[in-house]
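Remarks on the structure that follows.
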Amino acid sequence: MTVTLDLIAGSIAGAAQVIVGQPLDTIKTRAQIAPKGMFKGNWDIFAQTVRKEGIFALYKGMLSPLLGIAGVNSLLFASYAVSKRIVSPFPEKSLKEIALAGGMAGAANAILASPVEMFKVRMQGQYGAAGDQRLRAVFTEVAKDGLRKGIMRGYWVTVAREIPAYAAFYAGFEYQKRRWLATHPNQSIPVYALIGSGSFGGICYWLACYPLDVIKSRVQLARTPPSGINYIANEFRAIISAQGL
C-alpha cells in the first residue's frame with residue numbers, strides 16, 4: 001500500500017512539475033534547436049512565441065510527458081530502490097553510493113524517457129506554421145521510421161544524459177538533506193527543507209547533463225535519423241563547428 005501511495009504521489013508531483021515547468025522547457029528546447037539567428041536570446045524566444053503563436057504555445061508538447069509521467073516516475077523510483085540494494089546491502093549509504101545508484105536508475109529510466117521526450121521535442125519544434133501537426137499526427141509520422149530510428153531515436157544519447165543527471169540529482173538531494181539534518185539533530189526534516197534539497201538536486205541535475213540534453217534535442221528533431229555508433233560525438237562536433245561552445 002505504501003509503494004502504491006508513493007507512486008500515486010510521485011505521479012501527481014510529476015504532473016505538477018510538467019504543468020509548472022513546461023513554458024520554461026519550451027523556451028529551453030527552442031534555444032537548443034532553433035536555426036542560428038532565429039532568436040536573440042531566451043527573452044526573445046518567449047516574446048516571439050507569445051506574439052506569433054499565443055501564450056498556450058509555451059505548453060506545446062506537454063501532453064506527451066503528462067501521459068508518460070506515471071510510467072516514467074514508477075520506473076525511476078523502482079529502479080532507484082533496486083539500484084540502492086545492488087550498490088550496498090546496508091541502509092546507510094555514502095554519497096558516492098547514492099550517486100552510483102542514481103546513475104543506474106537513470107540508465108533504466110531512459111527506456112521510457114526517450115520516446116516521451118521524442119514527441120515533446122517534435123511538438124516544441126513547430127513554430128506556428130499552417131502545417132503544424134497535432135500529437136497524433138506527429139506520432140504517426142515518427143512511427144513510420146520504425147522503433148529504432150523513429151520512436152526510440154536518440155535513445156543512447158538519452159541514456160548518456162540520464163546517467164550523470166540522476167547521479168547528480170540524487171547525490172545533490174541527499175547532500176543537502178544531510179546538511180540540514182546535521183545542523184538540526186533529533187528533528188524530522190520539514191517540508192521546506194525537502195523542497196530546498198530537491199531544488200539543489202535539480203540544479204545539480206542540469207549542471208551535469210545540459211550539453212547532452214542539447215545534443216539529444218537536436219538529434220530527435222533532425223529530418224533524418226542519426227547514422228553510425230558515433231552519432232553523439234558527430235553531433236557535438238557539428239554544434240561546436242556551427243555555433244561554438
Side-chain angles (χ1 to χ4, degrees), residues 12-69 72 113-142 153-154 157-158 161-162 165 168-169 172 195-196 198-224 226 235-245:
I12 294 172
Q17 174 190 342
V18 171
I19 293 169
V20 172
Q22 186 67 19
L24 292 174
D25 187 82
T26 298
I27 293 171
K28 170 189 73 72
T29 301
R30 290 189 167 189
Q32 294 172 340
I33 63 178
K36 187 177 181 179
M38 184 174 183
F39 299 113
K40 297 176 183 178
N42 291 333
W43 282 111
D44 190 45
I45 295 172
F46 172 80
Q48 285 199 44
T49 299
V50 173
R51 185 172 65 250
K52 296 178 179 178
E53 304 171 59
I55 189 68
F56 290 108
L58 295 171
Y59 290 90
K60 278 187 175 180
M62 186 175 72
L63 184 58
S64 177
L66 273 181
L67 292 175
I69 195 67
V72 169
S114 180
V116 165
E117 298 222 354
M118 174 68 177
F119 298 117
K120 176 182 72 69
V121 168
R122 285 298 184 98
M123 293 295 294
Q124 292 171 325
Q126 300 181 120
Y127 298 99
D132 281 3
Q133 298 174 316
R134 293 184 179 273
L135 180 61
R136 180 181 296 180
V138 169
F139 177 84
T140 301
E141 183 180 279
V142 169
R153 182 196 295 189
V157 69
T158 305
R161 183 196 73 168
E162 298 287 80
F169 171 78
I195 293 174
S199 299
F200 184 75
I203 293 170
C204 294
Y205 175 103
W206 284 112
L207 287 175
C209 77
Y210 192 79
L212 287 164
D213 188 66
V214 175
I215 295 171
K216 179 198 69 67
S217 296
R218 292 171 66 98
V219 165
Q220 291 181 324
L221 191 70
R223 290 179 178 270
T224 57
E235 186 63 32
F236 175 79
R237 285 192 290 266
I239 293 171
I240 296 298
S241 176
Q243 297 178 294
L245 189 62

Can you confirm whether [X] sits close enough to [Y] that some side-chain heavy atom of one is under 4.5 Å from a side-chain heavy atom of the other?
X: K28; Y: Y210; result: yes
X: K60; Y: D132; result: yes
X: Q124; Y: D25; result: yes

For [X] against [Y], the heavy-atom pair lying closest together:
X: G128; Y: E53; result: N-OE1, 3.5 Å
X: G202; Y: F169; result: N-CD1, 3.7 Å
X: G154; Y: V157; result: O-CG1, 3.1 Å
X: T49; Y: A57; result: CG2-CB, 3.7 Å
X: P65; Y: G61; result: CD-O, 2.9 Å

Can you name the side chain to side chain donor-acceptor pair (under 3.5 Å) partners of [X], sequence neighbours left out?
X: Q126; value: none
X: S114; value: none
X: R51; value: none
X: D44; value: Q48

Which value, rounded to the nearest 0.5 Å, describes the distance between [X] atom [atom1] and [Y] atom [atom2]?
X: T29; Y: R218; atom1: OG1; atom2: CZ; result: 12.5 Å
X: K216; Y: D213; atom1: NZ; atom2: CG; result: 5.0 Å
X: I19; Y: L66; atom1: CD1; atom2: CG; result: 5.5 Å
X: K120; Y: S217; atom1: NZ; atom2: OG; result: 6.0 Å
X: I33; Y: L221; atom1: CD1; atom2: CG; result: 4.5 Å

- [ ] Report the C-alpha distance between E117 and T158 in whole Å, list the side-chain angles of each, state the deciding distance to 0.1 Å, and finish with yes or no for side-chain contact (heavy atoms from CB on, under 4.5 Å).
- [x] CA-CA 9 Å; E117 298 222 354; T158 305; over 6 Å; no
- [ ] Kindly state each residue pair satisfying ring-ring contact (aromatic ring centres under 6.0 Å, His included) with at least one member in residues 113-140, sequence neighbours excluded.
- [x] F119-F139
TODO: For V219, enumerate each residue passing the side-chain contact (heavy atoms from CB on, under 4.5 Å) test, keeping only those at least two apart in sequence or located in another chain.
DONE: R153, I215, P226, Y231, E235
Open item on the list: Angle between ring planes, F46 versus W43, binned at 30° and 60°: parallel, tilted or perpendicular?
Closed with: perpendicular
